[in-house]
Amino acid sequence: MKKLILIDGNSMAFRAFYGLPLLSNQSGLHTNAIFGYARLLEKLIEEEAPTHFLVAFDAGKSTFRHKQYEEYKGGRQKTPPELGEQFAPIRRLIDAYGIKRYEVEEYEADDIIGTLSRKADEEGFQTIIISGDKDLTQLASENTVIYYTKKGISDIDRYTPEHIQEIYGLKPEQIIDLKGLMGDKSDNIPGVPGVGEKTALKLLGEHGSVEAVLENLEGVKGKKLKENLMEHREDALMSKSLATIYREVPLDFDMNSLAFANENAEEKYEIFKELEFESLLKNMDASETEDKKEFDSERVDALDQLGADVSFHLEVRADNYLVHGPEHIAVTDGERTFISNAEDIDREGLEQFLKSRETINVYDIKRQMGLLKHLDIHFEDFDTDIMLGSFLLDPSKKIIDVAETVGQFSVNIDSDDFHYGKGRNAKQPIGEEHDKFLTDKVMAVHHVGPLMAESLQKDDMYDLWKDLEIPLAKVLSGMEYRGITVDAARLRDMESEIKERLDEIEGKIYELAGEEFNINSPKQLGVVLFEKLELPVIKKTKTGYSTAVDVLEELQSRHEIVSYLLDYRSLSKLQSTYVIGLQGEIKEDSRIHTRFNQTLAQTGRLSSVEPNLQNIPIRIDEGRRIRKAFVPKDDSHVLLALDYSQIELRVLAHITSDETMTSAFTSDTDIHTKTAMEVFGVERADVTSDMRRNAKAVNFGIVYGISDYGLSQNLGITRKEAKTFIDNYLNSFPEVKLFMKSIIQDAKRDGYVKTLLNRRRYIPDIQSRNFNAKSFAERTAMNSPIQGSAADIIKLAMVKYEKSEEAQKFNAELLLQIHDELIFDIPREEVEAFIPVIKDIMENAMALSVPLKVDYGYGSDWYDVK
DNA sequence: GGAATCACGC
DNA sequence: GACGTACGTGATTCCT
């Protein structure tokens with residue numbers, strides 16, 4: 001069967017443009033309409049499988065309709081330049097798909113489509129017309145359906161004659177009569193005054209056409225309506241004529257030339273790449289493009305047959321490389337590849353091999369180091385890590401597996417999920433297939449190594465990669481492997497103690513509620529609070545009543561049960577996440593070995609998993625007691641904690657060179673008090689605790705990039721008051737205000753912002769027309785350089801510590817990093833001597849225009865460190 | 001297995 | 001004025 005798709009080219013460009021956020025690629029070209037177009041074409045090709053295809057465009061400004069009616073399409077808004085620049089690429093895209101494109105002087109796209117759909121009907125085609133203009137529905141017939149796209153392009157209404165009958169009670173050819181009577185604002189077609197859709201449909205229901213209505217004016221009810229029709233009969237007839245699609249456009253081609261073959265994958269690929277359409281590129285990789293890199297390498301059966309520059313890969317499916325050892329090994333020098341089961345590896349041979357290489361490239365150093373430890377090998381002399389590189393190039397790209405990363409360099413190999421399967425489809429591949437998978441993987445890593453270095457070089461992040469992230473991975477590996485000693489007995493005691501208290505509170509809650517229910521279920525709790533006890537609903541969530549802390553706090557005075565609920569909440573959190581959760585993480589060696597994720601947080605911060613040791617309670621003493629369970633390796637040691645004081649605000653003072661702020665830090669005055677003095681215009685002595693609290697919250701907001709709404713929530717004030725605070729703040733620190741403005745400009749100009757060490761964060765939404773998205777993007781632009789630079793500094797300190805000969809003379813062990821804080825285990829007798837050394841490294845990790853200040857404490861458990 | 005809600009840290 | 005509001009991880013419930 002022959003199937004023809006006709007697209008109303010201009011109308012779809014507008015729909016795509018207004019339906020999608022304003023995207024742009026790195027060279028600054030806006031791409032949202034092009035992207036929408038590409039997605040539309042992909043979808044149509046896949047779902048409709050057309051045999052013939054054409055996109056019709058309007059040509060020039062003047063058409064035969066303008067001769068008939070000068071004001072035709074008058075009053076239209078100018079095409080925004082952001083869209084205008086996308087027309088040429090859209091045409092190129094259509095050509096790349098091998099789709100016929102047509103426009104002709106004097107006629108509109110509608111007329112071309114009308115003419116072709118008539119011909120198609122005559123020749124027995126099935127035709128689909130795609131448009132965002134309802135006028136086209138007049139072309140619907142038994143074999144022609146109109147896909148009308150609402151809201152963007154993904155939401156499609158299908159107009160068949162039956163459908164049109166259903167909604168209007170009209171035949172398709174009567175659509176023009178409808179337009180004749182009611183007119184069309186968007187095309188500046190007048191119609192008859194006072195006649196809208198309702199009246200027009202009524203008239204047409206009675207008479208059938210504009211002409212028939214005008215001939216039977218006596219039968220029309222309503223004096224004014226009759227008058228209008230009489231007076232504007234010419235308008236009505238002209239309007240109908242304007243709305244009528246001309247179906248006899250002279251065309252210099254026949255239907256055969258519309259044949260569609262779905263070829264030219266290469267050209268498509270080029271365009272997608274240039275415009276950075278990642279999702280579409282991935283689609284192509286998965287389906288059509290057979291440009292899978294075939295890695296030819298000779299299989300060798302001994303490591304010593306490999307050259308000096310290699311890529312190295314230990315493979316295990318499991319996430320936790322500290323628990324699970326390697327199952328396979330794959331090493332290549334680009335020409336020869338060695339593959340083996342891990343159990344067959346000769347430990348000494350491998351260690352010797354690693355030590356004697358010139359360069360070693362890997363994907364995920366920390367993981368490789370962790371896996372090597374299972375073979376009892378401590379080796380860290382890796383040179384490059386393409387996973388870390390990929391994260392630096394664009395931290396917003398999720399780090400998934402080797403396939404994902406090398407895919408960004410047009411190298412296509414099977415993903416881990418595909419090879420191993422997921423869930424019930426999980427496989428344990430072996431033999432030839434698995435060997436090929438491993439070969440492809442290590443070859444891909446090897447191939448991408450130099451490309452990665454080049455890309456990072458180009459983006460000024462090569463040093464950040466080689467001198468910071470890669471050395472840091474080795475430091476983190478040591479910390480993960482080392483672990484931190486935890487006193488399980490201590491947690492067990494806490495568990496039973498908390499259990500008793502929870503049971504007691506639970507009983508009280510049931511008693512006050514008059515029934516037993518699951519207190520942990522917000523849904524059930526909501527019913528009890530807001531239906532049974534009829535407490536006022538303060539806030540709703542998407543699914544029902546909110547029972548969050550701030551809501552409960554407001555309800556506290558209204559019912560006795562609420563205080564018990566608050567206690568229950570915080571206690572059960574302590575119990576499940578920390579007291580019980582942590583016990584489950586203690587390994588044979590009585591230690592907890594968290595893993596740090598170096599490639600996740602957008603700002604460049606680390607995160608910590610299994611368990612998360614970066615959110616152990618501290619603020620409330622009850623929770624803080626959890627820290628009593630974290631202890632040094634033995635009685636002769638202590639835990640030492642050093643934290644940067646106000647590192648983000650110091651970074652801000654440095655970046656902005658704000659005088660007031662700089663002098664506050666240079667003279668080491670309390671920054672929140674100083675802020676309060678400036679914002680409220682008072683002397684130091686007159687700063688009340690309330691003022692300081694407010695100032696602190698504003699500083700907090702600056703550091704974390706919260707909105708006026710967020711600040712209002714934090715302080716329990718109105719958004720307006722919060723905004724006033726922020727405005728006052730910015731006026732008190734004029735250079736900060738200036739910085740905020742210019743960083744947003746930078747983000748707009750470059751598409752990204754960067755930290756002191758050139759770490760980037762792309763902010764595409766800075767161009768968004770969606771207020772929320774844009775505001776969020778602006779706050780991100782302001783905040784990321786601050787938080788990211790702070791992350792750079794502490795990372796640098798960690799690397800410098802590891803490299804410091806002086807520091808290494810001590811028997812100190814770095815255990816944890818908590819964003820602005822480092823935790824060490826160290827012999828008690830060394831601690832006093834060590835403190836000035838490590839403090840110096842941290843405070844001088846990077847030279848800023850304000851001093852960095854480090855506070856510290858030590859003790860015989862983590863609670864005691866204050 | 002995933003979404004939603006809640007709570008902990010910086 | 002819109003509209004939902006720093007970043008993470010993890011536990012729990014509840015639905016598919």
Side-chain angles (χ1 to χ4, degrees), chain A residues 395-396 422-425 517-526 539-552 565-566 568-582 584-585 594-620 622-624 626-627 643-649 697 699-714 719-720 722-723 761 765 768-784 786-788 790-791 794 816-821:
Chain A
S396 70
K422 267 191 90 144
R424 70 185 59 176
N425 297 322
F517 63 102
N518 186 343
I519 307 171
N520 285 317
S521 163
K523 200 175 159 191
Q524 293 183 35
L525 178 60
K539 206 165 65 175
K540 290 202 134 205
T541 65
K542 268 178 260 177
T543 52
Y545 313 110
S546 168
T547 64
V549 175
D550 51 327
V551 171
L552 295 182
L565 285 172
L566 284 166
Y568 184 90
R569 272 269 171 80
S570 57
L571 261 189
S572 78
K573 166 78 180 175
L574 278 186
Q575 183 78 318
S576 62
T577 305
Y578 299 108
V579 179
I580 295 178
L582 288 175
E585 301 287 354
T594 187
R595 293 189 329 278
F596 292 99
N597 196 333
Q598 203 178 343
T599 56
L600 191 138
Q602 300 294 297
T603 51
R605 275 186 172 186
L606 302 175
S607 73
S608 150
V609 290
E610 282 185 62
N612 181 355
L613 292 185
Q614 292 182 319
N615 72 342
I616 304 300
I618 187 164
R619 284 167 206 209
I620 296 163
E622 188 158 57
R624 190 173 194 155
I626 298 284
R627 296 183 173 221
D643 70 288
Y644 283 104
S645 160
Q646 303 298 346
I647 187 168
E648 283 96 352
L649 291 176
N699 280 331
F700 177 84
I702 296 291
V703 168
Y704 289 116
I706 64 172
S707 59
D708 49 5
Y709 182 89
L711 181 63
S712 75
Q713 292 292 302
N714 281 346
R719 222 187 66 211
K720 220 171 144 192
K723 190 172 178 330
R761 180 169 185 184
D765 281 353
S768 175
R769 289 183 304 268
N770 173 309
F771 176 81
N772 278 323
K774 188 173 170 169
S775 311
F776 184 48
E778 289 176 352
R779 295 203 302 276
T780 305
M782 298 186 277
N783 157 256
S784 296
I786 304 171
Q787 208 184 105
I794 192 165
L816 296 175
Q817 186 252 46
I818 308 164
H819 308 309
D820 62 355
E821 181 180 13

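Letters A, B, ... mirror the listed sequences (proteins, then strands); counts begin at 1. Computed from heavy atoms alone, side chains included, the values below leave out hydrogens, waters and symmetry copies.
- With respect to A:Lys573 and A:Glu622, no salt bridge is recorded, no charged nitrogen being found less than 4.0 Å from a carboxylate O.
- In this structure, A:Asn518 reaches the sugar-phosphate backbone alone: every heavy-atom distance under 4.0 Å involves primed, P, OP1 or OP2 atoms, never a base.
- With both ends at atom P, the span from B:dA4 to C:dT5 equals 12 Å, rounded to whole Å.
- Mapping A:Phe776 and A:Asp708 onto DNA chain C by nearest heavy atom places A:Asp708 at the nucleotide closer to the 5' end.
- In this view, A:Tyr704 and A:Phe700 satisfy the ring pair (Phe, Tyr, Trp, His ring centres under 6.0 Å) rule, not counting sequence neighbours.
- Scanning for ring pair (Phe, Tyr, Trp, His ring centres under 6.0 Å) contacts around A:Tyr545 gives A:Phe530, with sequence neighbours left out.
- Residue contacts shown for A:Leu600 are limited to sugar-phosphate atoms, with no base heavy atom under 4.0 Å away.
- Note on A:Gln524: only backbone sugar-phosphate atoms sit closer than 4.0 angstrom, heavy atoms only; bases stay farther off.
- Take A:Gln646 and apply the side chain to side chain donor-acceptor pair (under 3.5 Å) test, not counting sequence neighbours, and it matches A:His672.
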How would you summarise protein contacts on nucleotides 5-10 of chain B per nucleotide, using B for base, S for sugar-phosphate only and - for none, with heavy-atom distances below 4.0 Å? SSBBSB
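- A heavy-atom distance below 4.5 Å is not found between the side chains of A:Ser570 and A:Ile620.
- A distance of about 33 Å separates the P atoms of B:dA7 and C:dG1, rounded to the whole Å.
- In terms of the salt bridge (Lys or Arg N to Asp or Glu O under 4.0 Å) criterion, A:Lys540 has no residue partners (sequence neighbours excluded).
- A:Asp708 is linked by a salt bridge (Lys or Arg N to Asp or Glu O under 4.0 Å) to A:Arg719, counting only residues two or more places apart in sequence or in another chain.
- B:dA3 and C:dA6 are spaced 22 Å apart, taking the C1' atom of each and rounding to whole Å.
- In this structure, A:Arg779 has no side chain to side chain donor-acceptor pair (under 3.5 Å) partners at least two apart in sequence or on a different chain.
- The side chain to side chain donor-acceptor pair (under 3.5 Å) search around A:Tyr644 returns none, not counting sequence neighbours.
- Within 4.0 Å (heavy atoms only), A:Gln602 reaches sugar-phosphate atoms of the nucleic acid but no base atom.
- Residues meeting the salt bridge (Lys or Arg N to Asp or Glu O under 4.0 Å) test with A:Lys523, sequence neighbours left out: none.
- Checked against side chain to side chain donor-acceptor pair (under 3.5 Å), A:Ser396 has the following partners two or more places apart in sequence or in another chain: A:Asp394.
- A stem is defined here as three or more consecutive Watson-Crick or G-U pairs, each with both distances under 3.5 Å; for DNA chain C these stems are B:1-9 with C:7-15.
- When heavy atoms are screened at a 4.0 angstrom cut-off, A:Arg719 is found touching base atoms of the nucleic acid.
- Here the range on DNA chain C touched by chain A, meaning any atom under 4.0 Å from one of its heavy atoms, is C:dA2 to C:dC15.
- When the C1' atom is compared between C:dG4 and B:dC8, the two are found 22 Å apart, to the nearest whole Å.
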